[in-house]
Amino acid sequence: MGRGFQDSNEEFARNGDTEMAVLSDAVWRDGFGADSNILGKVIKLNGNPYTVIGVMPRGFQFPFNPEKPQIWIPIELGESDKSRIKNATPEYRIIARVRNGFSIHAAKAELAVLQAEVAEQYTDPRARENVTSVEVRAYSESVVEGNVRSALLALLAAAGVLWLIACVNVTSLMLARAAVRQREIAVRAALGATHWRIARQLLVEGLLLSGVACLIALGLIFSALSVFRRELVTQFKVDVGFTANIKLISCLVGLTVLSAMISSVWPSFVTVKTSIDPLLRQGGVKGGGRIHHRTRGLLVVSQVAMSLTLLIACGLLLRTIFALKHVSLGFRTDHVIVADLVIPAYKFDGRNMTTELYQPLVERVERMPGVRAASLTTAVPLGKRFPILLTFAADHLDPESPRMEDVVAQFRAVGPGLQRVFGFAMLMGRFFNEGDTAGSPPVVVVNRAFVRAYFGDNREPAKILGQELLSYGNEKPAHIIGVLDDVRQASVVEQSQPEVEVCIPQITPDSRFYRVAEGLAMNLAVRTARSPGSFVPELREVLRSASPELAGTTFTTMDQVVVDSYGDQRITARLLQIFAGSALLLCVTGLYSLLAYLVTQRARELGIRFALGAQRRQVIWLVIRQAGWILLVGSAIGLMASFFAGRMLANLLFVVKVSDVLTLTGASMLLMATGLGAAYIPARRAASVDAMQALRTE
């Protein structure tokens, strides 16, 4: 409903002191009850009035966190935007549409010239150096970034390989079927059927098979979505949903037709090009010649190669998950429940949230049965909260300072009980305690990575503890009282980054961190001996009594937070397990069908071998040897192809190398073992051929 933002100057004058806002569909429905008369009404954001001018449609995603309710307000440029002073000039991300006929590279070249002119206006040399360059990239790259893009491309490639394996398998089976039906086709041709009519019949049969598979696939798609929906939303920020998607269905129908064409055209061509006279004179089934058998053998070899590629890719990611699970996190995760609180900051406008909401809430939770410790924090380790960063300028006047550039540190506001909840270790000094209150001297805690970046490795502990680091904004400088040992903060695969922690009880409305730390959101971490099933309902009731808006709080265990932090590697590994297992099944099926078909076609030859004195173990070895050559050639090709597959997965691997010997060996041995196992059944059938019966066949 309504409209978006236009030229702001004229509109601000018309609306007086009231600025404008556009609501997301979630805010409109949940916050305002889907009020159809919302346009023109005045709402308050952080105590300031805004006029609602529009509501975005459901599903609109921009620019990040589409699963969260959002409100958009226009940027009003002021005098501060004209300044060129370090840490005082506001920073923005600019989104622009490139004119037709121009590329991203051309836009970057033009903006680089403009940015150089802007940089000259900075008087501080360090500030000027930091703003001399400009980064330009396509917006689509910012929507799907880094490992997410790599994971999606890897899954797309794996799905494509699995589809090719299926097509090759069906093509092989259709070739065998066409060979068995050669005399039937010859009779049809002799009765007047044209080549096109015979080929059309075979194509229709293939399309019928693909059509049935398409219907089954639709059911499998929705089953897979129900299984992986949480991972898709958590890791990829994509909620596919269960409604009919015309693009997905169109793609599936297109692949259905293409699959039928791939698996039916070749057998149809071979069939209609076969001369009918020898088949009619023979009075039996010819069953295909040497070229026909070699063609099917090559198809099975290609299946083996592609299956081994998927098995190796799956093995590399499984080894990565194993390595991730054995990384030392630096904190305990057992028996910890995390509540993701959405703070109703507007209810506490002009009041102290610390004393009126947070401290009473934590005290009530600590008195609950089975609770060992409870604490608030702006973000639990490995959580998905929006990061808050602090920048500490480089000090070139300090001769002992090792810093040549600014230090960017993670910022967290935490409660005194957080160490009891997570059990992390202190490198030196102490953590916050109940004595750190609004009336006591302000203190901060940093981690080992911050000390390394800010003070250097050679600074003595006595020169670190007690150092003044920052101010809470009320003219009370805060001093360092402790140094945390490093823990994994944002990701299991990333080393610890510099971090600064402040104590929540010391944050008051006149503190510089109050609005950022307490006005956004909080995590409540609770260590309890009780099971989540029995504890969460009671905890939800405590939160509801503290503030009714907290009744809808979401809960998770810290163990699940860690599992979710594995991110793209985990869901990709799970899907590749399905792909690789399906590929292995198709490969074994293809090898078995080929050997079973060859045993049937070579029944007379085997009868002659037995009549001439061949032993049954020799016949078994004959079939196994043929299967072994197919597996060896396919495995050699698959090992070479896995090198390129590994490069696609390189961004998702942790500790494990693309050329990991254990993975390559294990996948190859698994494929060889299952392949030879599949070959043993036709081999036993060949060894049980009755020589007299086989010789009477023709």
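By the 4.5 Å heavy-atom criterion applied to side chains, Val623 and Gln626 are not counted as neighbours. Contact annotation: the side chain of Cys167 approaches that of Ser259 to within less than 4.5 Å [non-hydrogen atoms, C-beta and beyond]. Residues Ser668 and Leu308 have side chains in contact (heavy-atom distance under 4.5 Å, counting atoms from C-beta outward).
Remark: the backbone N or O of Leu632 is not paired with any side-chain donor or acceptor of Ser635 at under 3.5 angstrom. A donor-acceptor distance shorter than 3.5 angstrom exists from the side chain of Gln618 to the backbone of Gln615, with no hydrogens or angles considered. A donor-acceptor pair under 3.5 Å is absent between the side-chain atoms of Ser642 and the main chain of Ala645, judged by distance alone. No side-chain donor-acceptor contact under 3.5 Å links Thr320 to the backbone of Leu653. Checking side-chain atoms of Arg488 against main-chain N and O of Glu494 turns up a donor-acceptor pair under 3.5 Å. The main-chain N or O of Leu671 is found under 3.5 Å from a side-chain atom of Thr674 such that the two form a donor-acceptor pair. Listed for the Thr663 side chain is no donor-acceptor partner under 3.5 Å among the backbone atoms of Ser659.
By the ring pair (Phe, Tyr, Trp, His ring centres under 6.0 Å) test, Phe643 is found to be paired with no residue, residues two or more places apart in sequence or in another chain being considered.
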- Item | Met174 vs Leu209, side-chain contact (heavy atoms from CB on, under 4.5 Å): CA-CA, chis, key distance, verdict | CA-CA 11 Å; Met174 295 287 280; Leu209 289 174; 4.2 Å; yes
